[in-house]
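Proteins get letters first, then strands, A, B, ... in listed order; numbering begins at 1 in each.
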Amino acid sequence: GAGVSQSPRYKVAKRGQDVALRCDPISGHVSLFWYQQALGQGPEFLTYFQNEAQLDKSGLPSDRFFAERPEGSVSTLKIQRTQQEDSAVYLCASSLARGNNEQFFGPGTRLTVL
Amino acid sequence: LAKTTQPISMDSYEGQEVNITCSHNNIATNDYITWYQQFPSQGPRFIIQGYKTKVTNEVASLFIPADRKSSTLSLPRVSLSDTAVYYCLVGNNAGNMLTFGGGTRLMVKP
């Protein structure tokens with residue numbers, strides 16, 4: 001079956017530009033997570049959805065970061081007025097239910113801000 | 001969340017058994033130990049999870065001593081394709097986010 005997909009795989013943005021990153025989770029998965037992974041480091045949690053409800057956004061680094069999952073399936077991570085420090089790989093993961101430590105990750109979107 | 005400590009890197013050769021040990025001295029009673037694998041340009045992939053003693057699946061074994069303050073991921077007869085970063089995570093299944101550390105970069109040589 002299809003896994004988690006993300007688009008685009010690569011994004012180059014000029015500083016100050018807005019970007020939108022898309023995540024298609026595994027069908028039927030209730031939980032959806034966004035992580036940010038800097039080069040050479042482990043992924044860091046950004047935000048979590050259970051269906052369409054955003055239950056935890058404590059990891060979002062600033063108010064320039066916004067995530068939504070309006071119909072409880074596809075999710076979009078939006079970054080406004082991108083800065084160079086936003087350059088990273090953005091990973092999306094889904095799991096069947098909350099409380100399940102087996103999360104299925106997509107390939108990520110590599111964002112480069114010039 | 002319990003903090004984990006694991007070696008930054010390890011080298012091995014094809015066909016050898018590789019053991020990666022993770023320390024988690026302040027693990028809580030209801031915490032599980034989970035290992036993920038990450039290849040370059042891919043997202044992490046779940047390998048194995050355990051609570052105590054030994055767990056084995058088709059990919060790896062996980063050894064957890066009685067005090068649960070450490071755990072060892074064992075990869076039997078590694079191949080070049082096992083070259084990856086391996087992350088040890090500790091947390092309870094009632095949580096939501098995963099907390100990754102720096103991971104262990106395993107390099108398998110021919």
Can you see whether A:Ser87 engages A:Thr112 through a side-chain donor-acceptor pair at a distance of less than 3.5 angstrom?
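No donor-acceptor contact under 3.5 Å links the two side chains.
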
Only pairs of heavy atoms separated by less than 4.5 Å count here; which of A:Pro43, A:Ser58, A:Gly42 has the most with chain B?
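Among A:Pro43, A:Ser58, A:Gly42, the one with the most close pairs to chain B is A:Pro43.
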
Salt-bridge present (B:Asp31, B:Arg68; N to O < 4.0 Å)
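B:Arg68 and B:Asp31: not salt-bridged.
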
Please check this pair: side chain of B:Thr83 against backbone of B:Val108, looking for a donor-acceptor N/O pair closer than 3.5 Å.
yes

Keeping the roles fixed (side chain from B:Ser23, backbone from B:Lys69), state whether a donor-acceptor pair exists under 3.5 Å.
no

Largest heavy-atom contact set with chain A, pairs under 4.5 Å, which of B:Pro44, B:Gly102, B:Gly103, B:Gly101:
B:Pro44

Segment of A:Gln6 engaging chain B (4.5 angstrom heavy-atom cut-off)
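Neither; nothing under 4.5 Å.
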
